[in-house]
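A short write-up of the structure that comes next.
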Amino acid sequence: MKIVTWNVNSLKVRLPHVLDWLNIHQPDALCLQELKLEDQNFPRAEIEAAGYRAVFSGQKTYNGVAILSREPAQDVSMGIPGYADEQKRVLAATLDGVRIVCVYVPNGQSVDSDKYQYKLQWLEALTAWLKDELTRHPKLALLGDYNIAPEDRDVHDPKTWEGQVLCSAPEREAFRKLLQIGLHDSFRLFPQADGAFTWWDYRMNAFRRKLGLRIDHILLSDALAPDCTSCSVDIEPRKLERPSDHAPVTAEISHAKESY
DNA sequence: ATGGCGCCGAACCGGCGA
């Protein structure tokens, strides 16, 4: 089972990249963030023509998440239960016995912003919900744009970023709390080259200069992590014309449906 | 690296992202 997360920064603009990527890589599930479109404008026909189903939760201009899959998604749920939020940031579905949770964590803007407080509260609500969700779905994968670089090695220049949003201690603590409920950072299950990032600023030639952060992650539950065989970032789409500023992250899981 | 890019909607700019 091949599962992927990709913040596309406008599905309308990035649709050709997404369709090409699906055609080349044929994942079982592709979680998308920052659709930036309303449900009525979701490009369902194009995605179905590529051989994929889609469930989605969109809104105008901002946010929006989707799960594309070869097989129909089961038990689809939107948002964090019990946490009122106008912003469309969470979508969950079961595929092949695995609970797939697609998240677009708030950016936070800056550590002295109200948006930063919202981010921390949101992460707390997410963690509480997932702890509960894990009791119902031991095989769970949490994929998305976390807007957190968990450690200094996930940052091109830790000194510059120290204490800044995406790298601050409370955000990193929130990330650790997610791990503590029984999740594992699939990327760190394997040896990785230095300077492996998933996001590069559009400005200042950041991508060419390899000035990035690793903020998109695939966390796997205790029951799923032992079956993970790889996790990697594909930087090829970042080289295209009009790219997303994020790259897709892929995890492969060798699990037997029959054993579930 | 931090003005510097790119997306959006309603306009030719401001809000937001990271």
Side-chain angles (χ1 to χ4, degrees), chain A residues 5-18 31-43 56-66 85-90 102-123 126 143-172 174-175 187 194-218 233 235 237-249:
Chain A
T5 180
W6 193 4
N7 179 325
V8 290
N9 185 20
S10 167
L11 184 56
K12 180 185 169 189
V13 173
R14 234 62 68 192
L15 184 60
H17 293 187
V18 171
C31 295
L32 301 176
Q33 301 88 34
E34 284 210 87
L35 307 181
K36 294 188 172 179
L37 48 75
E38 293 178 285
D39 288 348
Q40 65 200 43
N41 297 324
F42 190 91
F56 44 87
S57 176
Q59 69 180 83
K60 197 172 175 176
T61 311
Y62 303 116
N63 310 311
V65 285
D85 192 354
E86 298 296 308
Q87 304 186 26
K88 306 300 187 190
R89 297 181 173 278
V90 178
C102 172
V103 294
Y104 175 45
V105 177
N107 168 280
Q109 198 162 64
S110 67
V111 294
D112 56 4
S113 162
D114 290 344
K115 295 189 180 77
Y116 180 80
Q117 294 306 320
Y118 163 63
K119 180 180 192 174
L120 294 178
Q121 287 164 13
W122 190 96
L123 282 163
L126 176 76
L143 306 89
D145 175 359
Y146 290 60
N147 274 314
I148 301 172
E151 301 177 43
D152 279 353
R153 60 179 165 163
D154 301 312
V155 182
H156 67 91
D157 182 356
K159 277 283 175 234
T160 298
W161 280 88
E162 188 176 5
Q164 302 293 314
V165 73
L166 314 186
C167 300
S168 72
E171 291 164 88
R172 287 179 168 179
F175 187 86
F187 191 76
D194 290 341
F197 306 126
T198 66
W199 170 84
W200 303 260
D201 200 307
Y202 283 121
R203 296 167 289 186
M204 309 295 289
N205 282 319
F207 178 67
R208 209 168 55 194
R209 296 163 63 200
K210 304 184 191 301
L211 306 178
L213 303 177
R214 191 176 71 94
I215 56 177
D216 301 86
H217 309 294
I218 300 177
V233 183
I235 65 170
R238 188 66 176 78
K239 301 174 182 171
L240 300 172
E241 289 293 317
R242 289 232 278 175
S244 169
D245 43 356
H246 295 252
V249 182

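Quick note on labels: first sequence line is chain A, next is B, and so on, each numbered from 1.
- Using a 4.0 Å heavy-atom criterion, one finds that A:Arg14 contacts the sugar-phosphate atoms exclusively.
- Residue A:Val165 is out of contact with every strand shown, counting any heavy-atom pair closer than 4.0 Å.
- Counting any heavy atom pair closer than 4.0 Å across all strands shown, A:Asp157 reaches sugar-phosphate atoms only and no base atom.
- The nucleotide whose nearest atom lies closest to any side-chain atom of A:Tyr202 is, among B:dC5, B:dC16, B:dA18, B:dC5.
- The side-chain hydrogen bond (donor to acceptor under 3.5 Å, both in side chains) test with A:Asn63 is passed by exactly one of A:Lys36, A:Glu86, A:Arg89: A:Arg89.
- In this structure, A:His156 reaches the bases: a heavy-atom distance under 4.0 Å links it to at least one base atom across the strands shown.
- If you check every strand for non-hydrogen atoms under 4.0 Å, A:Asn63 touches nothing.
- Among the protein residues, A:Trp200 comes within range of no part of the nucleic acid, since none of its heavy atoms lies under 4.0 Å from any strand.
- Between B:dC16 and B:dA10, the distance separating the two C1' atoms is 15 Å to the nearest Å.
- A:Gln164 comes within 4.0 angstrom of nothing in the nucleic acid, heavy atoms only.
- Rounded to an integer number of Å, the gap from OH of A:Tyr62 to P of B:dG17 is 7 Å.
- Atom CD of A:Gln59 is separated from atom C1' of B:dG17 by 14 Å (rounded to the nearest Å).
- In summary, of the residues considered (A:Asn9, A:Val233, A:Ile215), a side chain to side chain contact (heavy atoms under 4.5 Å, CB included) with A:His246 occurs for A:Ile215 alone.
- Note on A:Asn107: a base of the nucleic acid sits closer than 4.0 angstrom, heavy atoms only.
- Figure legend: cation-pi geometry between A:Arg214 and A:Phe197 absent, as NZ or CZ is not positioned both under 6.0 Å from the six-membered ring centre and within 45° of its axis.
- Across all non-hydrogen atoms, the minimal contact from A:Ala196 to A:Phe187 is CB-CZ, 3.4 Å.
- Within the 4.0 angstrom heavy-atom criterion, only backbone atoms of the sugar-phosphate kind lie near A:Tyr104; the bases stay farther away.
- B:dA11 and B:dA1 have their C1' atoms separated by 30 Å, with the value rounded to a whole Å.
- Taking atom P in both B:dC13 and B:dG4, one finds a spacing of 15 Å when rounded to whole Å.
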